[in-house]
Enquirer: 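Okay, handing you the structure first.
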Amino acid sequence: MDFSTTLKRFGVEQLIRYLHKDPEKNMLRLMDWADKFAKGEFVSQRKLIREAISNPAHPYYPFVRRLFTDLDEGVMQAMAANFFINAALVGWPKQEEMRQKYGCNIPWTILLDPTSACNLHCTGCWAAEYGNKLNLTFDEIDNIIQQGKALGIYMYIYTGGEPLVRKKDIIRLCEKHSDCVFLCFTNATLIDEAFADEMLRVKNFVPAISLEGFEDATDSRRGTGVYQKVIDAIGLLRRKKLLYGISACYTSANFDSITSEAFFDKLIELGVYFIWYFHYMPVGNDASPALLPTPEQRIETYRRIRKYRAEKPLFAMDFQNDAEFVDGCIAGGRRYLHINANGDVDPCVFVHYSDSNIREKTLLQALQSPMMMAYHDGQPFNENMLRPCPMLENPEKLRAMVNASGAHSTDLQSPESVEHLCAKCDQYAAHWKHPSEELWKENRAEREAQKAAEIREEPGA
């Protein structure tokens, strides 16, 4: 880490200490300083932040205060420095430099599977298709991270299998790469007191805990007693003042409960900081297309989550319906890629076709492979940002990319042809096309009205 980066990190740590001394007074002082030096930029954003920290009626007023009362100061310092300084201010310009230099996508984050093993066997889980004997070694994961940091990547996300089967190695990697942020999708049943203490010690590990909804829905898919184990783990993380969130997959069967106001409010009650909603993907030979949400269900999900975001103190992201904020599909290395426990480099955690393996190619060589370059050259796959995916909403695009690149299925237990996978999406894509066009028109009208309002608020307008 160079002197400039070290200085910026030190500045962030000092700022966090300053805010912790007197959050009420010092947050407003900081905003006064920001207004003074912003020179008319980010008017609406600064207005929203000021309202959130000064107006008790604002939904994020209590959320902001929780960051200082409920979160360990050292954890907050580490996350701010690693996320905002390393992954954003340092990492992003480096990634952009590499994109221009090598003419390919360079991701902002890398998803990787430390293991295919899992202590649960959830109904319909595509990860279970891999079996339980595949692992990336500590040295392989370490090498991936080292290659990533050379390209400006400081954010790493563990998937699986159940990553916490590899607890000790995960903590060692947090220690060795203390300048990175590590997020982990986990069922949380392996989070105990000792591991929570290790999380508090390294400070740069964040669990995103999988929930199917309330107790009946979670236990019916994951096993009797799992929901209560998750609740116990969340309670432990909260007592330790650690950062944690939720990962939720909505299907035709559970969408109503998992996107309900009651579920959202329960998460706020549990002290959750964020939730990532994922649309069900029919990945795997045995995956059921019947679980794909209907157009009406997807529209309702879109509306509910955006409503909650505007009214409730919990940060929510709708992975499939928020593509407008990242200009479409982010896979294929554009913003992320996936490396499975066999070392295969997939363009997406839901698209298991590859022409590269990290044990045979460098990360950069994999990003320059025919499959990844097909993503690079084809993105965005649709101008309608409510139809971003080359598999789910544009299956003809994935068929073409896999066939042209010669990529193979990376499911070693039950290889699925791209034709078989995309055939499960054809009807969904056709049924979603017209409703999504209408919703996208509505979305654009709202954004244009918001933009006009922001212009009116700018000084001198």
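Here the structure is a predicted model, which means the values were calculated and not measured.
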Enquirer: Given 3.5 Å as the limit, does a donor-acceptor pair link the side chain of R238 with the main chain of A233, or not?
Expert: no
Enquirer: Between H177 (side chain) and D179 (backbone), is there a donor-acceptor pair under 3.5 Å?
Expert: no
Enquirer: When you compare the side chains of E393 and N382, does any donor N or O come within less than 3.5 Å of an acceptor on the partner?
Expert: no
Enquirer: Is the shortest distance from a Lys or Arg side-chain nitrogen in R201 or E198 to a carboxylate oxygen in the other one below 4.0 Å?
Expert: yes
Enquirer: Looking only at the side chains, is there a donor atom on one of D22 and N26 sitting less than 3.5 Å from an acceptor on the other?
Expert: no
Enquirer: Backbone N or O of G284 within a donor-acceptor pair of the K424 side chain at under 3.5 Å?
Expert: yes
Enquirer: For the backbone of H376 and the side chain of R334, can you confirm whether one donor and one acceptor N or O come within less than 3.5 Å of each other?
Expert: no
Enquirer: Examine R99 relative to W92 and say whether NZ or CZ is less than 6.0 Å from the centre of the six-membered ring and inside a 45° cone about the ring axis.
Expert: yes
Enquirer: Does a donor on one side chain sit under 3.5 Å from an acceptor on the other, for T410 and D346?
Expert: yes
Enquirer: Checking ring-ring contact (aromatic ring centres under 6.0 Å, His included) against F83, which of Y156, W108, Y154 comes through?
Expert: W108
Enquirer: Under 3.5 Å, side chain of R303 to main-chain N/O of I299, donor-acceptor pair present?
Expert: no
Enquirer: Tell me whether K167 is salt-bridged to D192, with the criterion being a basic N under 4.0 Å from an acidic carboxylate O.
Expert: yes
Enquirer: Any non-hydrogen side-chain atom of R335 less than 4.5 Å from a side-chain atom of T109?
Expert: no
Enquirer: Less than 4.0 angstrom from a charged side-chain N to a carboxylate O is my criterion; do E324 and R306 meet it?
Expert: yes
Enquirer: Check whether D113 reaches the backbone of S116 with its side chain - one donor and one acceptor, N or O, closer than 3.5 Å.
Expert: no
Enquirer: With no hydrogens and no angle check, just 3.5 Å: does a side-chain donor-acceptor pair link R298 and N321?
Expert: yes
Enquirer: Looking at F68, I'd like to know if the NZ or CZ of R66 sits under 6.0 Å from its six-membered ring centre while staying within 45 degrees of the ring's axis.
Expert: no
Enquirer: Distance-only, no hydrogens or angles: does the S436 side chain make a donor-acceptor pair with backbone N or O of K433 under 3.5 Å?
Expert: yes
Enquirer: Hey, can you tell me if W276 and F274 have their rings parallel, tilted or perpendicular (30° and 60° cut-offs)?
Expert: tilted
Enquirer: For the pair R387 and E437, find out whether any cationic side-chain nitrogen is under 4.0 Å from an anionic carboxylate oxygen.
Expert: yes
Enquirer: Can any side-chain N or O of N204 pair as donor or acceptor with the backbone N or O of C174 at less than 3.5 Å?
Expert: yes
Enquirer: Between the side chains of K240 and D197, is the shortest nitrogen-to-carboxylate-oxygen separation below 4.0 Å, so that they form an ion pair?
Expert: yes
Enquirer: I'd like to know if the side chain of E162 and the backbone of L164 have a donor-acceptor N/O pair within less than 3.5 Å.
Expert: yes
Enquirer: Please tell me if the side chains of L183 and M155 come closer than 4.5 Å, counting only heavy atoms from C-beta onward.
Expert: yes
Enquirer: Between R172 and E175, does at least one N-O distance fall below 4.0 Å, as a salt bridge requires?
Expert: no
Enquirer: Could you check whether Y277 and R304, counting side-chain N and O atoms only, form a donor-acceptor pair closer than 3.5 Å?
Expert: no
Enquirer: Judged by modelled atom types alone, do N105 and Q379 share a side-chain donor-acceptor pair under 3.5 Å?
Expert: yes
Enquirer: Less than 4.0 angstrom from a charged side-chain N to a carboxylate O is my criterion; do K176 and D169 meet it?
Expert: no
Enquirer: Please check if any side-chain donor atom of S257 sits under 3.5 Å from a side-chain acceptor atom of N254, or the reverse.
Expert: no
Enquirer: Quick check against the 3.5 Å criterion: does D322 have a side-chain atom that pairs as donor or acceptor with the backbone of M317?
Expert: no
Enquirer: Is there a side-chain contact between V206 and L242 (heavy atoms, below 4.5 Å)?
Expert: no
